[in-house]
Amino acid sequence: MVLREISSKNREDINSFIQEHWYSTEMVLRGQIVDMTTVEGIVAYEDEKIIGLLTYEIKNRECEILSLDSLVQNKGIGCRLIECVYRVAKKATCSRIKLITTNDNINAIKFYQKRGFDMLRIYRNALDISRKIKPSIPTIGDFGIPLKHEIEFEMNL
């Protein structure tokens, strides 16, 4: 596995990856649209093929993970990407790393807690607001769970 930052050399491939796996290059977080074609990130490659992607944004000494995708489970891809963003955040003198996931994303909830992230707050019925902005967001998520809330996690640095 080789890890690289998103750059002008791989941006087109990254945008295609985001479109394929998120069905859009626009993400809605806490009622705001994020243009995923401009965010920073770290890409995991195997034989020049993308096998993982973590995107993030640094603002006000906070690093927010916007997306984390690992195409092969239980191979350490997500862990390696988290380790990289941790180093990026420390270098940028961030005070914390934060992220949002949805109430149905049981695997992500487990993954982040096992890696030192703490549940900070729940945004109840946040997906109702997000669907007004992006109607394509489904009402039923993973495991048949109604997709309703956003959960914020943080790791203090």
Side-chain angles (χ1 to χ4, degrees), residues 1-6 10 13-14 17-32 34 36 39-47 49-130 134 137-157:
M1 176 179 5
V2 176
L3 300 176
R4 296 188 191 121
E5 291 184 17
I6 294 176
N10 63 6
D13 290 338
I14 299 306
F17 180 91
I18 292 168
Q19 178 70 42
E20 179 182 343
H21 293 275
W22 290 85
Y23 310 108
S24 172
T25 55
E26 289 184 336
M27 180 180 288
V28 179
L29 287 172
R30 293 180 310 280
Q32 300 294 314
V34 177
M36 298 296 286
V39 298
E40 298 181 81
I42 303 151
V43 191
Y45 291 94
E46 192 167 83
D47 299 324
K49 185 175 180 175
I50 297 172
I51 59 169
L53 173 66
L54 183 149
T55 60
Y56 65 91
E57 184 174 64
I58 295 178
K59 278 196 244 182
N60 303 322
R61 293 191 60 232
E62 292 184 338
C63 178
E64 182 167 13
I65 296 172
L66 302 171
S67 69
L68 175 57
D69 294 286
S70 174
L71 299 187
V72 184
Q73 301 301 312
N74 302 313
K75 297 290 183 184
I77 298 165
C79 292
R80 293 274 310 274
L81 292 169
I82 291 287
E83 290 166 6
C84 284
V85 81
Y86 179 87
R87 288 192 297 273
V88 167
K90 288 289 269 187
K91 185 176 178 183
T93 66
C94 292
S95 60
R96 71 182 188 135
I97 301 172
K98 66 181 184 176
L99 63 98
I100 295 279
T101 192
T102 52
N103 63 287
D104 69 315
N105 200 342
I106 304 303
N107 292 331
I109 291 167
K110 178 176 70 172
F111 174 83
Y112 290 120
Q113 289 181 94
K114 286 176 78 172
R115 274 134 200 102
F117 287 83
D118 194 18
M119 197 177 298
L120 181 64
R121 67 179 50 95
I122 184 168
Y123 298 94
R124 290 183 48 77
N125 300 311
L127 279 292
D128 291 342
I129 296 164
S130 296
K134 187 177 175 182
I137 297 171
T139 56
I140 302 296
D142 292 345
F143 307 105
I145 297 171
L147 190 52
K148 298 166 94 175
H149 315 298
E150 291 178 339
I151 303 168
E152 184 173 351
F153 285 85
E154 73 171 355
M155 174 190 287
N156 290 317
L157 302 179

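Quantities reported herein were computed from a predicted structural model and do not represent experimental measurements. We're numbering straight along the sequence, starting at 1.
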Undergrad: Rounded at 0.5 Å granularity, tell me how far CG in Leu99 sits from CG in Leu66.
TA: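 Rounded to the nearest 0.5 Å, the CG-CG separation comes to 9.5 Å.
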
Undergrad: As a quick check of understanding, evaluate side chain to side chain contact (heavy atoms under 4.5 Å, CB included) for Asp69 and Phe17, giving each step before the final call.
TA: CA-CA 10 Å; Asp69 294 286; Phe17 180 91; 3.9 Å; yes

Undergrad: Within a 6.0 Å radius of atom NZ on Lys148, are there more than 12 heavy atoms belonging to other residues, nucleotides or ligands?
TA: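 No.
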
Undergrad: May I ask you to check whether over 12 heavy atoms, not counting those of Arg124, lie within 6.0 Å of atom CZ?
TA: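 No, CZ of Arg124 has 12 or fewer neighbouring heavy atoms, counting only those of other groups under 6.0 Å.
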
Undergrad: Is a side-chain N or O of Asp142 found less than 3.5 angstrom from the main chain of Asn105, in a donor-acceptor match?
TA: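 No, Asp142 side chain to Asn105 backbone: no donor-acceptor pair under 3.5 Å.
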
Undergrad: If we only count heavy atoms from C-beta on, is the Cys94 to Ile58 side-chain gap below 4.5 Å?
TA: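 Touching, per the 4.5 Å side-chain cut-off.
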
Undergrad: Any side-chain donor paired with an acceptor under 3.5 Å for Asp118 and Tyr112?
TA: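 Looking only at side-chain atoms, Tyr112 and Asp118 do not form any donor-acceptor pair under 3.5 Å.
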
Undergrad: Side chain to side chain contact (heavy atoms under 4.5 Å, CB included) for Met36 and Thr55? Distances and angles first, verdict last.
TA: CA-CA 8 Å; Met36 298 296 286; Thr55 60; 3.2 Å; yes

Undergrad: Evaluate the side chain to side chain contact (heavy atoms under 4.5 Å, CB included) criterion for residues Thr101 and Ile109: first the C-alpha distance (whole Å), next the side-chain angles of each, then the deciding distance (0.1 Å), finally the verdict.
TA: CA-CA 8 Å; Thr101 192; Ile109 291 167; 4.0 Å; yes

Undergrad: Counting C-beta onward and ignoring hydrogens, is there a side-chain heavy-atom pair between Trp22 and Met27 closer than 4.5 Å?
TA: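 Of all side-chain heavy-atom pairs linking Met27 with Trp22, at least one is under 4.5 Å.
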
Undergrad: For the pair Arg96 and Glu154, find out whether any cationic side-chain nitrogen is under 4.0 Å from an anionic carboxylate oxygen.
TA: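 Here Arg96 pairs with Glu154 in a salt bridge, since their nearest N and O are under 4.0 Å apart.
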
Undergrad: Is there a side-chain contact between Ile42 and Leu53 in this structure, where contact means two heavy atoms from C-beta onward sitting under 4.5 Å apart?
TA: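 Side chain of Ile42 against side chain of Leu53, heavy atoms only: no contact under 4.5 Å found.
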
Undergrad: Are any side-chain N or O atoms of His149 and backbone N or O atoms of Ile122, one a donor and one an acceptor, separated by less than 3.5 Å?
TA: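 No, His149 side chain to Ile122 backbone: no donor-acceptor pair under 3.5 Å.
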
Undergrad: Residues two or more places apart in sequence or in another chain: which of them pass side-chain hydrogen bond (donor to acceptor under 3.5 Å, both in side chains) with Tyr23?
TA: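 Tyr23 satisfies side-chain hydrogen bond (donor to acceptor under 3.5 Å, both in side chains) with no residue once adjacent residues are dropped.
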
Undergrad: Is it true that, when you exclude Glu5 itself, more than 12 heavy atoms of the residues, nucleotides or ligands shown sit nearer than 6.0 Å to its CD?
TA: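 Counting other residues, nucleotides and ligands, CD of Glu5 stays at 12 neighbours or fewer.
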
Undergrad: Between Phe111 and Cys79, is any pair of side-chain heavy atoms under 4.5 Å apart?
TA: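 Answer yes - side chains close enough.
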
Undergrad: If you look at every heavy atom in Ile97 and Tyr86, which pair is closest and at what distance?
TA: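 Minimum heavy-atom contact is CD1-CA, 3.8 Å.
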
Undergrad: I need the minimum non-hydrogen distance between Thr25 and Ile18, along with the two atoms involved.
TA: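 Result for this residue pair: CA-CG2, 4.1 Å.
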
Undergrad: Roughly how far, to the nearest 0.5 Å, is the CG atom of Asp104 from the CZ atom of Phe143?
TA: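 That separation rounds to 8.5 Å.
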
Undergrad: Pair Val39, Val34 - check side chain to side chain contact (heavy atoms under 4.5 Å, CB included), show working.
TA: CA-CA 8 Å; Val39 298; Val34 177; 4.0 Å; yes

Undergrad: Does the side chain of Ile77 reach to within under 4.5 Å of the side chain of Leu81, using non-hydrogen atoms?
TA: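 A side-chain contact under 4.5 Å exists here.
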
Undergrad: Do Glu150 and Ser130 touch side chain to side chain, with heavy atoms closer than 4.5 Å?
TA: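 Side chain of Glu150 against side chain of Ser130, heavy atoms only: contact under 4.5 Å found.
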
Undergrad: Looking only at side chains, do Glu152 and Tyr123 share a donor and an acceptor under 3.5 Å apart?
TA: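 Yes, because at least one side-chain N or O of Glu152 sits under 3.5 Å from a partner of the opposite role on Tyr123.
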
Undergrad: In Å and rounded to the nearest 0.5 Å, what is the CD to CE distance from Gln113 to Met155?
TA: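 The distance works out to 11.5 Å.
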
Undergrad: At their closest point, which heavy atom of Leu68 faces which heavy atom of Gly78, and how far apart are they?
TA: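 Leu68 and Gly78 have their closest heavy atoms at CD1-CA, 4.4 Å.
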
Undergrad: Can you give me the closest heavy-atom contact between Ile51 and Met1, atom names plus distance?
TA: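 Shortest heavy-atom separation between Ile51 and Met1 comes out as CD1-CG, 4.3 Å.
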
Undergrad: With sequence neighbours left out, write down each residue that passes side-chain contact (heavy atoms from CB on, under 4.5 Å) with Glu83, or none if nothing qualifies.
TA: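 Testing Glu83 for side-chain contact (heavy atoms from CB on, under 4.5 Å), a comparison that skips the adjacent residues, returns Arg80, Arg87.
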
Undergrad: Closest heavy-atom contact between Glu62 and Ser95?
TA: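 In this case the closest contact between Glu62 and Ser95 is CG-OG, 4.4 Å.
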
Undergrad: Can you name the closest pair of heavy atoms from Asn103 and Pro146 and give their distance?
TA: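 The pair with the smallest heavy-atom distance is ND2-O, 2.9 Å.
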
Undergrad: Considering only heavy atoms from C-beta outward, does the side chain of Leu147 approach that of Thr139 to under 4.5 Å?
TA: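 They are not in contact (no side-chain heavy atoms under 4.5 Å apart), so the answer is no.
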
Undergrad: State whether Glu26 and Lys134 are salt-bridged, where the test is any N-O pair (Lys NZ or Arg NE/NH1/NH2 against Asp/Glu carboxylate O) under 4.0 Å.
TA: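 No, Glu26 and Lys134 are not salt-bridged.
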
Undergrad: Is Ile82 close to Phe117 at the side-chain level, that is, under 4.5 Å between some pair of heavy atoms?
TA: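 In contact.
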
